[in-house]
> 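Quick one: the structure is below, and I'll ask about it shortly.
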Amino acid sequence: MEYDFRTVEDKWRKFWAKNQTNKIGEDFDKPKFYVLDMFPYPSGAGLHVGHPLGYIASDIYARYKKLQGFNVLHPMGYDSFGLPAEQYAIQTGQHPALTTEQNIARYRDQLDKIGFCFDWSREVRTSSPEYYKWTQQIFIKLFNSWYNPKNNRAEHIDTLISIFENEGSKGVTLEILTGEIEKEVLPFSAAEWKSFDERKQREILMHFRLAYLGESFVNWCPAMGTVLANDEVVNGVSERGGHPIERKLMKQWSMRITAFAQRLLDGLNDIDWSESIKETQRNWIGRSEGCSIFFPFLKEFTPKDTSSMGENSSKIEVFTTRPDTVFGVSFVTLAPEHELVDKITTNEQRQEVETYVEKAKNRSERERQADVNTISGVFTGAYLEHPFTKEPIQVWVGDYVLVGYGTGAVMAVPAHDERDYKFAKHFGLPIKQVINPSNPEHSMEQEAWTEKEGEVINSDFLNGLQVKIAIKRAIEEIEKNYFGRGRVNYRLRDAVFGRQRYWGEPIPIYYKDEVPYALNYDDLPLNLPEVDKYLPTEDGEPPLARAINWKYQNEYNYEFSTMPGWAGSSWYFLRYLDPKNPNDLFSQEKVNYWKNVDLYIGGSEHATGHLLYARFWTKFLFDRGIIPFDEPFKKMINQGMILGRSSFVYLVIGENKFVTNSIKDHFKHAAIHVDISLIDNDKLNINEFRKWRPEYAEAEFICEEDGSYVCGYEVEKMSKSKYNVQTPDELVDKFGADTLRMYEMFLGPLEQTKPWDTKGITGVNGFLRKFWRLLHPTENIFSVSNELGHEKEMRVLHKTIKRIREDLDRYSFNTCISTFMIAINELTDLKCNKKAVLEPLVVLIAPFAPHFSEELWEKLGNQAGTVTNQSYPEYDETFLIESNFDYPISFNGKMRTKVNLSLQLTAKEVETYVLQLDEIQKWMENKSPKKVIVVPGKIVNIVL
RNA sequence: GCGGAUGUGGUGAAAUUGGUAGACACGCUAGACUUAGGAUCUAGUGCCGAGAGGUGUGCGGGUUCGAGUCCCUCCAUCCGCACCA
């Protein structure tokens, strides 16, 4: 009998569960370390081998930190609200809670098999009322907060109310609050504020709340019957399901994440995340510096209806990053949705403009994006006055201008902007050059000069300046003349927060006379009500409108939309700190101890969703004094995807005959995916294949010379339809959890995308058995010697300890596995059977192969289950000192031979000794060396 | 188009500060043993060459006694973003 992993692993799984070995408390005397995995959504498909990759890495690291004396928090839970369960509910009528429960049970079963040290007593589920009660409370806190641009932090809405009471609206800097506030809120005095009724006051406050109900253009997905946030839309279709998206003006709950744009950007500099994720977030936030410029209308074109617009109505505000080109403006273009379009269009142009706007508005996002090269637009008939030159400027409408970015209006400088150039060429509008290109070969006839380089010309006071200087100078002049002001613009939009769906957190809002009010904390949780169907009502209301007698104080309607998937996951890492706390989100004592996550491992696909929202909520909670840090995840590693290795058989077209890989090209063939369980080492199990599908039962096979049928392969994503899915369960059954853990790490660097190759797992399995044999030299009977390790053995041990520690410290898990293999190979060669050498190795491998390690630890005479409480072995430098070294001797940098020399020798001694050797003279070809480089302990290089 | 990452044997990969390229493992070849197996052990395995030797880290240059590693140019693949004013 060999190492029986089934018995051993089963024994320790039960032991850990019974003794709650992984339960962790707050030990304030110990330093803390918080290792977290990204929150899984428990899908019906269960786990494939790609999913646990990150969990294994974090588990190894968590166990390593534990052995280093840290108090390690390593929890797991479920992001259990979400669309798939709801879609399933719609199809089958089964309550999503039930499906979710079943999926979680399957996940838990799969996770338990792999031997993770999760503290399951801390498990959270976003869909349980004990959890979403607190998500709702955070929503209310956001609702009751505003962003104070003077203090640059979120504050309770009361501080805003007191400003209004004392100073009126002029005491608030409006511009940073976004949401088109400048246009929507008319100035008022303190006295006026006090005279407003509650409805009016609440309407004004709504423009400032961090969770607010506002009218905006949203991504409406008709197929799913809900709105989606920008990060849930990819290339104009929904990220999940790929359904078309329309832009629609709707009243929606949103989160004012834009108020935090600058801090979300700045914070990236202080966190240890991959450059690519940080860059993705920077792009998403999209900061651009420039200025806004007001172009006043020529008198006869000033719109008459100005009641709701304030004083800005006589001007159009544009945003530009190139104020240096202001003298090159030849027209202004408005987005089709721009609210002024209708008001300024002249009667002659009205017909044409309305047709165009109507068409542009109805185009879906996807159409609009697919069609970026078609130039379209229409003249409104209106004219503006250039602020500096006083020349008349035409106002156009064009769908290349986006309503959601900047002011929805651009000053067109065709000579120095590609889109403006194309637009001007297409419509025959003037092109006025104001920059002399720094590249003399550039032709203004061919294309615009868009580089921020060159000398300004034809531009009055800017003439002769270089672009970068001219930009600053232009802003100064614009501000001096009150034509506009320097301004920072962000691409980031406020995040739409309501979903017209059932399976999510109810938004804790009720309506009194159509005015939204937040629930009190005492009213929470606002439970998700039962409904007869998970579909919208006949009136198009969300599913929650179906709930019977679901009213606040039996009187007021609740909000019918629910929260999006990212609500619960934006703060879950905080609830783990104190998951059962019935009185608060978490206790201050615990949050002060555990603080933020030290190591976060997960995929990079959440770069602009979860990872941005969690940072946003963290900053908010920090501002409101609820947590003592403002970044959630100090260090993050993004594990690479594990791709499947699909196998193919080649069907001869028109026959029920398959041809083997090497000669397939001699036939007209079609490649067909074949289930990887029917393949061993690329060879097809023909009998099983015949049984796999009835139509192949009688198939013929043209084989290799040796009679085997060899399949082809391709590396692609794992999916059921490609028959290349490898589940961890199967591998645990065949090889054991410890082997699976080590093999997943052995595949390659954690961050890298890599193909799954089932074959290689035998190597790791063999390694563990080889290790086992060192302690079971004959007949699988445990036996170790109590002799002291001799020099060579001790060197192997200490070299290994050193390398493992160094590799773990730089998260290089794959090289750890090779290091272990090398150590066991060397000790096997040395026939080492000594406890003094092997026992430290058993502790060293505990984070990687915990079941294996526990078993050997116990056999070595230690108390069962205590290997997790040991100290991680330290290396002793004295064992690593070598007396001799095989110096590689190279000639002109090419290694030719080696000479074993004492490391005591100085460089000069090495040189003298080496040069007189016959072996070396042979290579010298009777020349005398020009130069001899000796790097002690490294190399000798002789230059001829 | 912009930004990020990656290019090393038949395969997954290693080489941490410039110093023996290919450790470790899979696969393959040959052999030993045998309850014929997806077990274990031994030897070999970058490429060319019988050998001496030559050659080799995507291509081409450069710096250096010495480059997978540093610098420049180009190419390929993957991932973001993309009418962002």
Side-chain angles (χ1 to χ4, degrees), chain A residues 2 234-235 274-284 286-288 290 318-322 325 333 368-369 371-375 398-402 404-413 416-420 422-423 450 489-491 604-605 607-608 640-641 645 680-682 713 715 734-735 743 746-749 751-767 769-770 773 803 806-807 809-810 812 814-815 817-822 825 886-898 929-935 937-944:
Chain A
E2 283 270 340
V234 178
N235 294 328
S274 76
E275 209 37 56
S276 75
I277 295 256
K278 288 202 217 178
E279 211 41 46
T280 303
Q281 290 209 346
R282 285 190 191 107
N283 288 340
W284 189 258
R287 181 183 204 271
S288 54
V318 302
F319 173 76
T320 181
T321 57
R322 297 295 303 274
T325 62
T333 314
R368 204 158 148 170
Q369 281 186 10
D371 201 26
V372 293
N373 290 321
T374 315
I375 294 151
D399 69 359
Y400 78 95
V401 180
L402 306 175
Y405 186 77
T407 59
V410 302
M411 59 174 219
V413 185
H416 305 292
D417 181 278
E418 207 183 305
R419 297 145 307 174
D420 296 345
K422 283 184 185 155
F423 197 83
T450 58
N489 194 49
Y490 300 93
R491 199 186 75 107
S604 54
E605 66 273 18
T608 53
M641 210 191 332
R645 192 177 186 278
D680 181 30
N681 198 18
D682 285 340
Y713 74 91
V715 171
K734 275 188 190 167
F735 301 102
Y743 184 56
F746 187 60
L747 280 176
E751 293 98 324
Q752 205 166 293
T753 303
K754 50 213 164 240
W756 176 260
D757 178 8
T758 306
K759 198 66 196 161
I761 198 167
T762 54
V764 173
N765 194 241
F767 153 76
R769 284 203 306 260
K770 207 165 170 182
R773 279 200 299 274
R803 297 241 301 253
E806 283 171 355
D807 287 354
D809 286 339
R810 62 191 175 104
S812 176
N814 55 325
T815 50
I817 312 301
S818 334
T819 300
F820 278 122
M821 288 175 171
I822 292 168
N825 287 348
D886 256 348
Y887 273 94
I889 314 293
S890 30
F891 291 81
N892 293 331
K894 279 190 180 129
M895 206 279 286
R896 296 299 182 187
T897 186
K898 285 182 193 170
K930 285 197 190 119
K931 199 171 177 183
V932 178
I933 314 273
V934 177
V935 183
K938 281 268 165 72
I939 200 168
V940 177
N941 190 16
I942 298 167
V943 186
L944 293 174

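From a predicted model like this one, the values you see are computed outputs, not experimental measurements. Every chain is numbered from 1 and lettered A, B, ... according to where its sequence line falls, protein lines coming before strand lines.
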> Given C65(B), U16(B), A13(B), which nucleotide is nearest the side-chain atoms of Lys754(A)?
A13(B)
> How about CD on Glu605(A), more than 12 heavy atoms from neighbouring residues, nucleotides or ligands closer than 6.0 Å, or not?
yes
> For U8(B), give its Watson-Crick or G-U wobble partner with both distances under 3.5 Å, or none.
none
> Specify the separation, in whole Å, of atom CZ of Arg803(A) and atom P of A23(B).
13 Å
> Within the modelled atom types, does a donor on one side and an acceptor on the other bring the side chain of Asn941(A) and the base of C65(B) under 3.5 Å apart?
yes
> Partner lookup for A36(B), please. Criteria are Watson-Crick or G-U wobble with both distances under 3.5 angstrom; report none if nothing qualifies.
none
> More 5' along RNA chain B: Gly766(A) or Ser276(A), using each one's nearest nucleotide?
Ser276(A)
> To the nearest Å, give me how far apart CD (Glu418(A)) and P (G1(B)) are.
11 Å
> Could you please name the option among U20(B), A85(B), A14(B) that lies closest to any side-chain atom of Asn814(A)?
A14(B)
> Going by purine N1 to pyrimidine N3 plus the second Watson-Crick contact, or the G-U wobble pair, all under 3.5 Å, which nucleotide sits opposite C84(B)?
none
> Distance check, C1' atoms only: A13(B) and G66(B), in whole angstrom units.
25 Å
> With a 3.5 Å limit on both atom pairs, tell me what A43(B) is paired to, counting Watson-Crick and G-U wobble, or say none.
U29(B)
> Can you check the distance between G58(B) and G44(B), where both ends of the measurement are the P atom (answer in whole Å)?
28 Å
